[in-house]
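Just below is one structure, and these are the notes that go with it.
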Amino acid sequence: MTPTSLQRLRAELRELAEPQVRAQQERVLSPADDDELLGVRVPVLRRLARGYRELTPDELDSLLRSRVHDERFAGLLVLAEQVRTARGAQRGALVDFYLARTDCVDNWDLVDGSAPVVLGPWLLEESLDVLDRLAGSPSLWERRIAVLGTLALIRADRYEPTFSLVLTLRRDPEPLIHKALGWMLREIGRRDERAMVDFLDRHAPDLPRVTVRYATERLSPEERARFVRRR
């Protein structure tokens with residue numbers, strides 16, 4: 001019997017696994033007890049995903065609900081490939097599919113690898129109300145999805161949604177949110193340093209210290225010290 005695309009993808013993932021990468025995953029991801037790590041490098045996952053754009057929603061759902069971490073990541077990257085070529089209602093349906101399964105996007109690497117390229121392109125064309133909903137979620141991962149989703153907006157020189165989320169989430173209890181906020185501010189600074197500096201001039205004393213440190217990494221030592229001292 002000819003194996004299905006899903007079966008081939010799962011077999012390829014296991015062939016591409018590297019023990020040293022798995023050991024690194026175990027150190028940096030803090031996986032749940034029932035999460036199986038294979039150890040496939042992210043660039044390898046991205047290349048693999050490009051060859052499986054034809055996966056059906058049911059096959060993607062099977063990947064996203066797998067307890068194999070690399071299978072979930074591969075499913076998200078296939079979904080991103082489908083979003084990249086979709087338009088209009090088709091893209092909206094794919095984003096709805098993603099937002100209905102955020103419980104499967106349950107580690108920082110899965111969020112960072114999917115939110116900018118699945119949710120992000122859709123935000124460029126649609127209402128931003130979903131950001132408020134995600135930012136108000138009790139789920140750490142949904143809140144981080146909201147923050148990372150704005151990367152597509154930043155790259156389109158639309159900074160206000162990110163600035164708004166920084167203020168909304170500045171008292172979040174999770175360091176992973178503080179770091180994500182600083183990362184997105186730094187991305188704004190890469191495109192428009194003046195806009196980021198003006199924002200920090202107004203708000204740095206009220207932001208988490210790690211947010212300010214991440215945001216100012218590319219500034220001159222003197223300028224960076226000026227902001228960090230205020231925290």
Next item on the list: Could you tell me which non-hydrogen atom of Ala135 sits nearest to which non-hydrogen atom of Leu169, and how far apart they are?
Entry: O-CD2, 3.5 Å

Note to self: Is the shortest side-chain heavy-atom distance between Leu131 and Pro161 below 4.5 Å?
What the structure shows: yes

Notebook entry, point to check: From Asp109 CG over to Gln25 CD, what is the distance, rounded to the nearest 0.5 angstrom?
Noted result: 7.5 Å

Item checked: Straight-line distance of Leu110 CG to Leu64 CG, nearest 0.5 Å -> 9.5 Å

Next item on the list: Could you grab the distance from atom CG of Leu48 to atom CD of Glu15, nearest 0.5 Å is fine?
Entry: 10.0 Å

Check: For Glu12 and Arg8, what are the C-alpha separation, side-chain angles and deciding distance, and is it a salt bridge (charged side-chain N to carboxylate O under 4.0 Å, His left out)?
Finding: CA-CA 6 Å; Glu12 284 194 65; Arg8 291 199 308 273; 5.6 Å; no

Next item on the list: Verify salt bridge (charged side-chain N to carboxylate O under 4.0 Å, His left out) between Glu36 and Arg10, making sure each step is shown before the conclusion.
Entry: CA-CA 13 Å; Glu36 180 184 356; Arg10 284 177 158 150; over 6 Å; no

Item checked: Identified salt bridge (charged side-chain N to carboxylate O under 4.0 Å, His left out) counterpart of Asp106 within the set Arg67, Arg101, Arg144 -> Arg67

Notebook entry, point to check: Can you tell if the side chain of Val40 reaches within under 4.5 Å of the side chain of Val21, non-hydrogen atoms only?
Noted result: no

Next item on the list: Show your working on side-chain contact (heavy atoms from CB on, under 4.5 Å) between Arg213 and Arg224 and close with a plain yes or no.
Entry: CA-CA 8 Å; Arg213 292 185 67 88; Arg224 189 179 192 205; 3.9 Å; yes

Item checked: Arg155 atom CZ: more than 12 heavy-atom contacts under 6.0 Å -> no

Check: Which is it for Arg194 and Asp198 under the salt bridge (charged side-chain N to carboxylate O under 4.0 Å, His left out) test, yes or no, and what are the steps along the way?
Finding: CA-CA 6 Å; Arg194 186 73 261 158; Asp198 287 348; 3.0 Å; yes

Check: So do the side chains of Leu63 and Leu9 get within less than 4.5 Å of each other, counting heavy atoms only?
Finding: yes

Notebook entry, point to check: Under 4.5 Å between any side-chain heavy atoms of His69 and Pro31, yes or no?
Noted result: no

Margin query: Return the OG1 to CZ distance between Thr216 and Arg226, rounded to the nearest 0.5 Å.
Written below: 10.5 Å

Next item on the list: Check whether any side-chain N or O of Trp108 sits under 3.5 Å from a backbone N or O of Val28 as a donor-acceptor pair, and report yes or no.
Entry: yes

Next item on the list: Give a yes or no on whether the backbone of Leu13 and the side-chain of Glu71 come within a donor-acceptor separation of less than 3.5 Å.
Entry: no

Check: Do you know which of Leu128, Thr150, Leu123 makes side-chain contact (heavy atoms from CB on, under 4.5 Å) with Arg158?
Finding: Leu128

Margin query: Contact between Phe73 and Asn107 at the side-chain level, heavy atoms closer than 4.5 Å - yes or no?
Written below: no

Next item on the list: Would you name the heavy atoms of Val118 and Tyr98 that are closest together and state the gap between them?
Entry: CG1-CG, 3.6 Å

Note to self: Tell me whether Ser220 contacts the main-chain N or O of Glu223 through its side chain, where contact means a donor paired with an acceptor under 3.5 Å.
What the structure shows: yes

Check: More than 12 foreign heavy atoms under 6.0 Å from CZ of Arg65: is that the case here?
Finding: yes

Check: With distance as the sole test, does Arg170 use its side chain to make a donor-acceptor pair with the main-chain N or O of Leu167 at under 3.5 Å?
Finding: yes

Next item on the list: Would you confirm whether Arg22, through its side chain, and Leu38, through its main-chain N or O, come within 3.5 Å as a donor-acceptor pair?
Entry: no

Review item, side-chain donor-acceptor pairs of residues 181-188, under 3.5 Å, at least two apart:
residue	atom	partner	partner atom	Å
Arg186	NH1	Tyr214	O	3.1
Arg186	NH1	Glu217	OE1	3.2

Next item on the list: Not counting sequence neighbours, list each pair that qualifies as a ring-ring contact (aromatic ring centres under 6.0 Å, His included) and has a residue in residues 143-168.
Entry: Phe163-Phe199

Notebook entry, point to check: In Å, rounded to the nearest 0.5 Å, how long is the span from CZ of Arg84 to CZ of Arg53?
Noted result: 5.0 Å

Next item on the list: Ignoring hydrogens and angles, tell me if any N or O in the side chain of Glu59 forms a donor-acceptor pair with the backbone of Thr56 under 3.5 Å.
Entry: yes

Check: Which atoms form the tightest heavy-atom contact between Arg87 and Val83, and what is the distance?
Finding: NH1-O, 4.4 Å

Notebook entry, point to check: Do the non-hydrogen side-chain atoms of Asp157 and Asp192 ever get within less than 4.5 Å of each other?
Noted result: no

Checklist line | Flag side-chain contact, heavy atom, 4.5 Å: Tyr52 against Leu77 | finding: no

Item checked: Spatial distance of atom CG (Leu76) from atom CZ (Arg72) [nearest 0.5 Å] -> 8.5 Å

Note to self: Determine whether a donor-acceptor pair (N or O, by modelled atom type, separation under 3.5 Å) exists between the side chain of Thr211 and the backbone of His178.
What the structure shows: yes

Next item on the list: Go through the steps to decide whether Leu99 and Arg133 satisfy the test side-chain contact (heavy atoms from CB on, under 4.5 Å), and finish with yes or no.
Entry: CA-CA 11 Å; Leu99 293 174; Arg133 178 178 70 77; 4.1 Å; yes

Check: So do the side chains of His203 and Val166 get within less than 4.5 Å of each other, counting heavy atoms only?
Finding: no

Notebook entry, point to check: If you take all heavy atoms of Gly39 and Asp70, which pair is closest and at what distance?
Noted result: N-OD2, 3.3 Å

Check: So, for Arg41 and Gln20, which heavy atoms are closest and what is the spacing to 0.1 Å?
Finding: NH2-NE2, 3.9 Å

Item checked: Worked verdict on Ser62 versus Leu6 for side-chain contact (heavy atoms from CB on, under 4.5 Å) -> CA-CA 9 Å; Ser62 180; Leu6 180 58; 3.8 Å; yes

Item checked: Closest approach of Ala86 to Leu94 (non-hydrogen atoms, all atoms of both residues) -> CB-CD1, 3.9 Å

Next item on the list: May I have the step-by-step check of side-chain contact (heavy atoms from CB on, under 4.5 Å) for Leu119 and Val95, ending in yes or no?
Entry: CA-CA 6 Å; Leu119 180 61; Val95 172; 4.0 Å; yes

Next item on the list: For the pair Asp172 (side chain) and Glu174 (backbone), establish whether a donor and an acceptor sit closer than 3.5 Å, ignoring hydrogens and angles.
Entry: yes

